[in-house]
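For reference, the structure discussed in these notes is given below.
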Amino acid sequence: MKLEERYRILVKGKVQGVGFRPTIYRYAKNLGLKGYVCNTGSGVLIEIEGEKNKIEYFIERIRKSPPSKAEIKEIDIRKIDIKNEKDFFILKSKKEETREVEISPDIATCEKCLRELFNQKNRRYLFPFINCTDCGPRFTIVKKVPYDRKNTTMDEFIMCDTCQKEYKDVYSRRFHAQPNCCFTCGPTLKLFDNKGKEVAENVDAIKKGSELIKMGKILGIKGIGGYHLACDAENEKAVKFLRERKKRYGKPFALMARNLKVIEKFCYINNFEKKLLKSWQTPIVLLKKKNEILPYEIAPENNYLGFFLPYTPVHHLLFHFGKNLNVLVMTSGNFSEEPIIYEDEIAFKRLSGICDFFLTHNRKIYINCDDSVLRIFNKKIYFIRRSRGFVPSPVEIPYTYNKIIFSAGSDMKNTFSFTKSKNVYLSQHIGDLETELSIESYKKSINLFKNILEVEPEIIVCDMHPGYFSSKIAEEIFPDREKIYVQHHHSHITSCMADNFLKNEKVIGVAFDGTGYGLDGKIWGGEFLICDYENFERIGHLRYFPLPGEISIKEVWRIGTVYLYMVFGEDFLNLDIDFVKKIDMKKWGIIKKMVDNNINTFLNSSFGRFFDAVSSILSIREKIDYEGQAAIELEMKIEKNKNLKPYEYKINKEKTGYIIEPEMILKGITDDLKKGLKTGEISYRFHITVSEIIKDMCKILREERDINKVALSGGVFQNMFLLNDTLKKLKKEKFDVLIHNKVPVNDGGISLGQAVIGIFKKN
Ligand code: ZN
Ligand code: ZN
Ligand code: FE
């Protein structure tokens, strides 16, 4: 008889809610090993008993082929006394308060399923809903916990005997795969025209669908978290059509490529980007353009393209049948900044003016979830939007709090959060809370999170903006809970601190964004704060300027005129630059009256708006079609020139703090324009001036307060040139700089910061 041994193995990392226990069970049973596996607060615990060489092989298998979504950080192995166990068991986890949510994000179709999908002998050959324990829809089909089929939108489909067998068989890849189904028992894919007439079904629907796309048609395709609008990205006419019909002119379209090779034709990709593109989260990754082969309309005036790879069987099948289809435009089926449309009825009603056809099916999406958008910066993820694939995974913070906090987020690019113990669960991207659809999605999502996290919040954290819908809805949903109102830019900086797992300490916060409500009732957005999780002081900011009416946010040239007026008085009209020549004098007359008499103007210290002004003065962008466009195009124009220096500028110390004066910068810019310097070089000078200001301000504050840590947050830091240049300068001065990595730098990350402020205000 061979000698038997017993080991206690603790696997740490992302190991819960990823199908770890069934995998362990299979491995143990296959090797005839005894013992048990269970979830604990610190990871997955295994006790394993049997022959030593088999146990070694068992551990090897865990290391080498864990479930695809698991990320093992550490395996701790200890020899213990033998217990003469009879069998191997999956022990039910005790309901610990540290238990992580068991709902996984949605997962891209796995390799094994893909092999089956294209294997003629497999019973799921070309089946558009193939999935397994390792892949398929999750978050978007769950209605409540526990995560069982009856609590998902798959409850409408009764598994056939064969599927049921797989579902019950621990050796099957589909053991407890809740969305498990096949041609016999699963949902049906259908192709409709935009009048609602059925054209084809299942495999034929996809065949026909890919043909139609190749012919230049626009299809509404139901995906995991909502409807995409798709067309052949290499067909200029189709892309233009889509732009016109969607009435979206400037904002780049996302592209889905057949494979990595195709992407490499158009963009530069490094290994980090490759890894992310191929990850089970399949986010949209922003990549530097190599050339201009694809139609200009895909991403006008942009040096980047947002690419992702197929992540559902339907996507794979579209490329399979569309042999000469290589890149699809796959843009969210929505209007402006609303959430992606996910309900069939609404899709048909609202998108039939855009789509020629709909490729859809009868598996309901319970909750909308947009694609995630990110880029790689300094070898790390830098989020633009954190959504599908990442939600509802939590962000861990360095504090364990025993009360549940709900933080309502911002009204722009909204996400909300719930805290639970040491975790903050950020919602999917909800969008701008401006329309009925987004508010509906906001409310429904809050409810869903309450359900899947099994929490009832005790403390509500809202932005102090008196007009925010997020705050109003939070007050309405949780009327008798304690409310805490926090400042927007304080939340940005604490979000960045929590993102970096920072314990409470004072940092220099640089919060540059478009808009946020200030303590003085004015609009902030170019702020230097000294803050920790509890409190903040506003130490400096960009000089206030009067924003002439809400309309200026779209018609940014109006901000340009006001800035020039502030610097030159009415003489600015004599400046010999293109921008001035194009000014509509009648409109200027009204703007001047507004500014002089303080009518419908808002004092504003936003750096985002300053970028808008400069973009317009350089005649790069006068009116915008999407948020941030003027600043983005200003960044895209940059032409580096080492001989150029930053503009001169002044920081004044006043009673209220340090004031950054834009005056000399604008004089420098208009002088350069008159001299005929290229706009790209002026843009470069402007950018290096802003990073210079940040560096100088940080040095002043370090001197004054003896703080060496700087946190950079707010939408302006989506500007990669600025971020990079600022980081370089701060590091050269030996600052310890925090930037975002786990949540977006824009308002999409704010609910994390709000949540942590909530914890500290209550502690
Ligand atoms: Zn699979
Ligand atoms: Zn079946
Ligand atoms: Fe903001």
Side-chain angles (χ1 to χ4, degrees), residues 18-19 22-23 67-69 104 106-119 122-124 127 129-138 149 154 157-168 172-188 280 311-313 316 409-415 432 463-465 468 470 486-496 509-518 523-527 529 604-609 627-628 712-718 740 743-754:
V18 292
T23 306
S68 58
K69 288 190 310 127
S104 144
D106 303 300
I107 313 160
T109 311
C110 74
E111 288 296 325
K112 284 177 188 161
C113 284
L114 279 181
R115 253 175 270 144
E116 289 184 13
L117 182 64
F118 295 115
N119 174 0
N122 193 282
R123 71 186 192 94
R124 289 192 181 84
F127 179 53
F129 303 95
I130 191 167
N131 68 79
C132 72
T133 319
D134 277 351
C135 78
R138 296 285 187 276
R149 184 159 177 126
M154 281 301 287
F157 304 93
I158 314 250
M159 269 185 266
C160 67
D161 288 348
T162 323
C163 285
Q164 184 76 34
K165 245 197 198 142
E166 294 168 328
Y167 181 83
K168 282 191 170 158
S172 158
R173 293 205 305 113
R174 299 198 164 83
F175 175 60
H176 279 196
Q178 304 304 343
N180 188 31
C181 59
C182 70
F183 276 114
T184 318
C185 65
T188 318
W280 60 265
Y311 60 85
T312 71
H316 286 283
S410 165
D411 267 20
M412 306 263 287
K413 300 184 166 57
N414 177 274
T415 69
D432 292 356
D463 195 287
M464 61 177 23
H465 195 304
Y468 261 15
S470 49
V486 296
Q487 202 279 323
H488 188 91
H489 302 96
H490 185 210
S491 315
H492 266 305
I493 299 305
T494 52
S495 166
C496 184
V510 185
F512 282 12
D513 67 354
T515 169
Y517 190 77
I523 301 170
W524 293 7
E527 313 305 312
L529 313 176
N604 194 311
S605 62
S606 157
F607 244 102
R609 297 288 102 83
E627 200 229 352
L712 305 177
S713 191
V716 168
F717 290 107
Q718 289 172 108
H740 282 276
V743 303
V745 62
N746 56 43
D747 281 11
I750 266 204
S751 62
L752 172 64
Q754 292 178 335

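As the structure lists them, so they are numbered: ligands from 1, and atoms in each ligand from 1. As the structure is a computational prediction, the values presented were derived from the model and not from experiment.
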Between the main-chain N or O of P179 and the side-chain N or O of N131, is there a donor-acceptor pair closer than 3.5 Å?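 Here the side-chain-to-backbone pair exists.
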
The Zn ion (ligand 1) as vertex, arms to SG of C132 and SG of C135: angle to 10°?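 About 110°, to the nearest ten degrees.
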
Looking only at N, O or S atoms, which one in D747 sits nearest to the Fe ion (ligand 3)?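 Among the N, O or S atoms of D747, the one closest to the Fe ion (ligand 3) is OD1.
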
Suppose we only allow N, O or S atoms; which atom of D513 ends up nearest to the Fe ion (ligand 3)?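 Closest to the Fe ion (ligand 3) among those atoms: OD2.
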
Would you say E116 has more than 12 foreign heavy atoms packed within less than 6.0 Å of its CD?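 Yes.
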
So which atom in G525 and which in H489 form the shortest heavy-atom distance, rounded to 0.1 Å?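 Scanning both residues completely, I find the closest heavy atoms to be CA-NE2, 3.5 Å.
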
Report, rounded to 10°, the angle at the Fe ion (ligand 3) between the two atoms NE2 (H488) and NE2 (H492).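 Vertex at the Fe ion (ligand 3): approximately 100°.
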
If you stand at the Zn ion (ligand 2) and look out to SG of C185 and SG of C160, what angle do those two lines make, to 10°?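 An angle of 120° at the metal.
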
How many degrees, to 10°, between C163 SG and C182 SG as seen from the Zn ion (ligand 2)?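 Seen from the Zn ion (ligand 2), SG and SG are separated by roughly 110°.
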
Would you say Y468 and S410 make side-chain contact, with heavy atoms under 4.5 Å?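 Yes, their side chains come closer than 4.5 Å.
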
Testing the 3.5 Å rule here: is there a donor-acceptor pair between the side chains of D513 and H492?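 Indeed, the side chains of D513 and H492 share at least one donor-acceptor pair under 3.5 Å.
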
